[in-house]
Amino acid sequence: MQSPSSPYLAKLDHLRFLAAGLVVLFHTALLAGAGRPQNPFSVAVVDQGHIGVQLFMVISGFIMVTIVDGRCLEPRKFYLNRILRIYPLLVLIVSFGYLATPDPRPSSTGIDYLLALLPISNLYRLSYGAFGGQMWTVAVELQFYLLFPLLLAFRHRYGGLSFFASVFGFAVALRAAQYMANGTTHAFTFFTLFGNLDLFVAGMIVAEVYRSWEITKLTLSVWWSVAALATLATIVAAIFSHAPFFHVDYQHVTGDGISRSGYWIIWPTLQAAMWGVFVLLYLRSSGCGAGAVVANFGKWSYSTYVWHVLVIEILKDKMLWMPSYLFGAAVVLPVTLAVSYVSYTLIERPFLDLRSRYNPSGSA
């Protein structure tokens with residue numbers, strides 16, 4: 001997606017589409033899998049497609065550093081641009097979901113609605129309306145934006161990678177302390193800033209390495225990124241082979257739905273490393289990658305993320321003869337992309353065009 005403060009990288013939109021596609025296929029299996037034939041084969045990164053959210057977070061860290069690109073950041077314009085990027089669709093899907101629920105609504109609905117729009121809404125994880133349950137991730141994203149100018153300033157003041165390493169260590173220590181105190185760190189890790197900051201920081205690191213490789217004009221074979229993705233898929237398959245690890249358990253053996261695995265302490269850091277390496281290798285790969293069509297799909301990825309649950313709810317009882325993999329890829333994803341194109345054109349793009357350059361020396 002083109003930013004007024006940085007050059008356009010089509011491959012970033014390829015990665016956005018990958019992240020959105022994983023989430024769509026995951027939610028299709030989760031919300032529309034009942035009554036369908038079993039999938040003929042299993043793909044770990046699809047069965048656990050929630051990891052696409054973490055890929056989005058790495059991409060966010062990369063984009064933020066790339067936009068600034070070593071120049072002075074004007075916080076007021078930075079935050080205004082972030083609001084224009086995030087809030088129009090957030091307000092629309094939350095409003096639509098709340099207004100779509102039948103009367104009578106409880107008197108607390110208005111307060112719930114307003115609280116759902118705050119950048120701390122993941123603290124109380126309210127309903128984001130009938131079709132916006134996935135929007136808790138936006139609160140985490142907004143928290144990244146609030147922290148970014150500080151992370152950038154501290155990174156320059158206190159020494160690059162050593163500062164980032166201390167952030168990783170601090171986040172791991174907090175998750176370990178929470179685990180020792182409560183016997184689980186699953187919800188703390190999955191739904192909060194303290195479980196996802198590793199991903200955003202990994203994206204910042206990738207941006208700096210990418211910039212240094214750009215200076216040397218280093219390019220790699222695309223097969224390196226394929227190997228990185230295959231390695232990631234293998235690790236995901238191994239760690240999720242223990243069904244109760246994640247709170248979505250298809251065998252329903254977790255009881256209360258809360259994972260008590262200690263792996264949640266280090267899982268964000270491991271994901272940060274895996275997705276970070278994959279993003280870096282893909283962005284530095286030779287050739288056009290997935291092409292212009294997929295890049296367009298990636299431009300609509302935020303709309304795809306916002307609307308896909310509604311699309312699934314409308315279509316979930318259709319074509320029950322199709323396994324969820326096929327139904328998601330052949331029906332839900334194409335329909336969602338069509339809706340996303342309209343959403344991007346009518347809602348996102350007009351607000352995106354209002355953004356201004358917030359690094360004074362930046363190139364359009």
Using a 4.5 Å cut-off on heavy atoms from C-beta on, say whether the side chain of R355 contacts that of K77. no

Any non-hydrogen side-chain atom of Y179 less than 4.5 Å from a side-chain atom of T189? no

Would N122 and T192 count as a side chain to side chain donor-acceptor pair (under 3.5 Å) here? Give the steps. CA-CA 7 Å; N122 62 321; T192 78; 5.8 Å; no

Okay, side chain of Y325, backbone of V43: is any donor-acceptor separation there less than 3.5 Å? yes

Can V94 and L90 be said to form a side chain to side chain contact (heavy atoms under 4.5 Å, CB included), step by step? CA-CA 6 Å; V94 172; L90 174 64; 3.9 Å; yes

When you measure from the side chain of E313 to the backbone of F131, do you find a donor-acceptor pair of N or O atoms at a distance under 3.5 Å? no

Say whether F170 and F148 are linked into one hydrophobic cluster, either directly or through other cluster members, by side-chain heavy-atom distances under 4.5 angstrom. no

If you compare all heavy atoms of P37 against all heavy atoms of W321, which two are closest, and at what distance to 0.1 Å? CG-O, 3.3 Å

All heavy atoms of F164 vs all of V201, minimum pair found to be CD2-CG1, 3.4 Å

Is the W224-F278 ring centre distance short of 6.0 angstrom? no

If every non-hydrogen atom of Y128 is compared with every non-hydrogen atom of A139, which pair is closest and at what distance? OH-CB, 4.5 Å

Look at the aromatic rings of H14 and Y282 and report parallel, tilted or perpendicular, splitting at 30° and 60°. perpendicular

Closest approach of G132 and I93, non-hydrogen atoms and distance? CA-CG1, 4.4 Å

Would you call R85-E348 a salt bridge at under 4.0 Å N-O? yes

Do you know which two heavy atoms are closest between F351 and P88, and how far apart they sit? CG-CG, 3.5 Å

Got a donor-acceptor contact below 3.5 angstrom from the N81 side chain to the S356 backbone? yes

Would you indicate whether the side-chain heavy atoms of K318 and K316 approach each other to under 4.5 Å? no

Intermediate values then yes/no, side chain to side chain contact (heavy atoms under 4.5 Å, CB included), I120 and L142: CA-CA 8 Å; I120 58 169; L142 291 170; over 6 Å; no

Looking just at side-chain N and O atoms, do S285 and K11 make a donor-acceptor pair shorter than 3.5 Å? yes

Within 45 degrees of the ring normal and closer than 6.0 Å to the centroid, is that where the cationic atom of R175 sits relative to F188? no

Would you say the side chains of Y344 and N296 form a donor-acceptor pair under 3.5 Å? no

Can you name the nearest heavy-atom pair linking V45 to L232, along with the distance? CG1-CD2, 3.9 Å

Less than 4.5 Å apart, side chain to side chain, heavy atoms only: is that true for W307 and Y302? no

Sub-4.5 Å side-chain heavy-atom contact between F200 and I59: no

Determine whether a donor-acceptor pair (N or O, by modelled atom type, separation under 3.5 Å) exists between the side chain of S343 and the backbone of V339. no

Would you say S42's side chain and N39's backbone share a donor-acceptor pair under 3.5 angstrom? no

How are the rings of F240 and H50 set to each other: parallel, tilted or perpendicular (split at 30° and 60°)? perpendicular

Got S121 and L115 here, is their nearest side-chain heavy-atom distance under 4.5 Å? no

Audit row: Y98, T109, side chain to side chain donor-acceptor pair (under 3.5 Å) steps and yes/no: CA-CA 8 Å; Y98 270 100; T109 298; over 6 Å; no

A cation-pi test, strictly: NZ or CZ of R82 under 6.0 Å from the centre of the six-membered ring of Y145 and no more than 45 degrees from its axis. Yes or no? yes

Will you find, in the side chains of S259 and W264, an N or O donor that is under 3.5 Å from an N or O acceptor? yes

T66 and Y210 side chains, donor-acceptor separation under 3.5 Å: no

Pair W267, S261 - check side chain to side chain contact (heavy atoms under 4.5 Å, CB included), show working. CA-CA 10 Å; W267 179 234; S261 171; over 6 Å; no

Working note: R284 + E214, criterion side chain to side chain contact (heavy atoms under 4.5 Å, CB included); need CA distance, chi angles, decisive distance, verdict. CA-CA 8 Å; R284 294 308 308 167; E214 181 75 9; 2.4 Å; yes

Derivation of the side chain to side chain donor-acceptor pair (under 3.5 Å) call for Q143 and N196: CA-CA 10 Å; Q143 291 159 19; N196 291 291; over 6 Å; no

With side chains defined as the heavy atoms from C-beta onward, is the minimum distance between L280 and I205 less than 4.5 Å? no

Heavy atoms, side chains only, cut-off 4.5 Å: are F26 and I51 in contact? no

